[in-house]
Amino acid sequence: MSSAAQPNSPVDQAAPIPNNVNLSADRRLARALESWQPKFLDWWRDMGPVAHQDHDVYLRTAVSVGREGWAHFDHVKMPEYRWGIFLAEADPERTIGFGDHIGEPVWSEVPGEFRSDLRRLIVVQGDTEPASVEQQRHLCHTAPSLYDLRNLFQVNVEEGRHLWAMVYLLHRHFGRDGRDEADELLQRHSGDTDNPRILGAFNERTPDWLSFFMFTYFTDRDGKFQLASLAESGFDPLARTCQFMLKEEAHHMFVGAGGVGRVVQRTVELMRAHDTDDVAPYGGVNVGTLQRYINLHYSVSLDLFGAETSTNAANYFAGGLKGRFAESARLDDHRLHQDTLSVPWVEEPVGTAGPAGAGGDRKPAGSDAGRGPPGARALPGVIGERRVPALSALNAGLRNDYVEDCQKGLDRWNRTLGAVGAELRLPHVGFHRQVGTFAGRHVTTDGRLVSAHEWNARRSSWLPTDADRDHVESLMRPVSERGKMASWVAAPASGIHARPTDFDYVRL
Ligand code: BYC
């Protein structure tokens, strides 16, 4: 096993697959990836955006990894996008920053003992990337502006590049198994009953642009935190791949934060212009609807952090495979054997049988199966906290960091909403959960355990209703005139890459 970081290679833009991993020196690997390339392009044609594939789109393409000028902007047809393989610059002195191997040189090859864990982490990460493209493939029919249409496509092509990033690792480091996994990444499909995507949120629908903005705010933000944790990895190629992916990921979250912010702004404009809380008749989205969409997308995204306590996560950390967010900035010993962390915990009422998901943790929150005798439902228990070894609570810790980051957007949107005395909130972390301590529990948005009956009776005040969805769907009329916006969303403050907002972002 070779240890220590591999040196940087120059960017080869002329290669069939642009790269800075010296593919031309490894013909076998290059050939394997070049034989995966047409399968990727077939997948892109079949499962990518359903329209505009032959139109010129003003896209950013990663071309380098240096501090300046890592991306090139130009009009390009999506199938001709130059999906490349780029690792962030190597640090030859880099050592493992956490876990039981702390201080040892990073690995440039996969250590045998961690082969299956690393493969799993890379496959889970890789699976989310094409999944999101599949979820968003119909949105190009209803974009609220050319600016937004272009942003959708930018996000899509870059998720495609992130798939390439994981496929490179699988091909380069996992032999036959890795090549099989890479093929399977194109065979599972979002929402497919027989062969679905691995994580729950990536099998949900993204039927409209409000959902898309919420997805890019809440679900892409999980991506930010997961990628940042993997960017700390002692397996250097994974760390460097994720470091570079994070550059692109920032724009995806901008699309979400800016998108929801612009909807909020438009709602406030309409509330003031018409002196009413009900802006739906004027082509806007009511604050109540926004709150219900937030409750849905936030709770589904929280599930992506796994269970609060997880031996998988403890093993990843101890092994040096997956760190914490901003690991190096933390002031503890980065081994965590002595530390503890508080995690949410449900105190069972005496004489009840526990939650629906106590064994498998997967029952939907609306389900009442396995919840003990009917009489026990009057006493649903209380939510408390318990201290557990910090190593076992890494998923909860990462989720805490995520929650804090999510709140920043809410604070910004609430400054806009302050003008009309309205406010948006993040629901309690236990609300509407299918993974972890709260799976199968009935938790209100303000964090009270209630009976299934009460929860279901109040469901429509918390989660998008048919009326919400119908109204949002009714607003989904495409706007394709340069500089024009749909009624329900304000114009952005500025365009992309210093272009005006009325630029021809997509040449129809
Ligand atoms: N759905 O021990 P636990 C992104 C499974 S998003 C279904 O708590 P662990 C992006 C789990 O696999 C970021 N199953 O799990 C965003 C395990 O199964 P096994 C994606 C779930 O391993 C937008 C069992 O339950 N990257 O990049 O500690 C657009 C026990 O759970 C779920 C990553 O996630 C779920 N939600 O944590 C595009 C990083 N949660 O082993 C892209 C890599 C858990 O018993 N992944 N399970 O069969 C990981 O670090 C971990 O696998 C997880 C789960 C954090 C996901």
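For the numbers below, each heavy atom of this structure counts, side chains included, while hydrogens, waters and symmetry mates do not. Counting starts at 1 for both ligands and their atoms, in listed order.
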Proximal atoms of ligand 1 relative to Phe202 (non-hydrogen, under 4.0 Å):
6 (S), 10 (C), 16 (C), 23 (C), 29 (C)
Hey, does Val435 come in under 3.5 Å of ligand 1, counting only N/O atoms on both sides?
no
Testing the 3.5 Å rule here: is there a donor-acceptor pair between the side chains of Asn400 and Glu404?
no
Any N or O on Gln125 sitting closer than 3.5 Å to an N or O of ligand 1?
yes
Cation-pi check for Tyr217 against Arg221: NZ or CZ below 6.0 Å from the six-membered ring centre and within 45 degrees of the axis, yes or no?
yes
Taking the six-membered ring for Trp, are Trp70 and Phe244 ring centroids under 6.0 Å apart?
yes
Would you say ligand 1 has an N or O under 3.5 Å from any N or O of Thr311?
no
Glu159 N/O under 3.5 Å from ligand 1 N/O:
no
Are Phe438 and His432 an aromatic pair by the rule of ring centers under 6.0 Å?
no
Short N/O distance, under 3.5 Å, between Asn395 and ligand 1?
yes
Please verify whether a non-hydrogen atom of Phe215 lies at under 4.0 Å from ligand 1.
yes
Quick look: Leu227 vs ligand 1, heavy-atom contacts under 4.0 Å, and the answer is neither
Ring centres under 6.0 Å, that's the criterion: do Tyr402 and Phe305 meet it?
yes
Using a strict cut-off of less than 4.0 Å between a Lys/Arg side-chain nitrogen and an Asp/Glu carboxylate oxygen, indicate whether Glu158 and Arg60 qualify as a salt bridge.
yes
Are Arg399 and Glu308 ion-paired here, with the side-chain N under 4.0 Å from a carboxylate O?
yes
Ring centre gap for Phe213 and Trp209 strictly below 6.0 Å
yes
Strictly under 4.0 Å, does any heavy atom of His162 approach an atom of ligand 1?
no
Pick one of side chain, backbone, both or neither for how Lys322 approaches ligand 1, counting any non-hydrogen atom pair under 4.0 Å.
side chain
With a heavy-atom distance limit of 4.0 Å, tell me whether Ser132 approaches ligand 1 through its side chain, its backbone, both, or neither.
side chain
Given that the side chain starts at C-beta and the backbone is N, CA, C, O, which of these parts of Asn312 lies under 4.0 Å from ligand 1, counting heavy atoms, or is it both or neither?
side chain
Within the structure, is a non-hydrogen atom of Leu398 found at a distance of less than 4.0 Å from ligand 1?
no
Quick look: Val124 vs ligand 1, heavy-atom contacts under 4.0 Å, and the answer is side chain
Contact atoms of ligand 1, heavy-atom distance to Gly223 under 4.0 Å
4 (C), 6 (S), 13 (C), 27 (O)
Geometric class of the Phe73/His497 ring pair [parallel <30°, tilted 30-60°, perpendicular >60°]
parallel
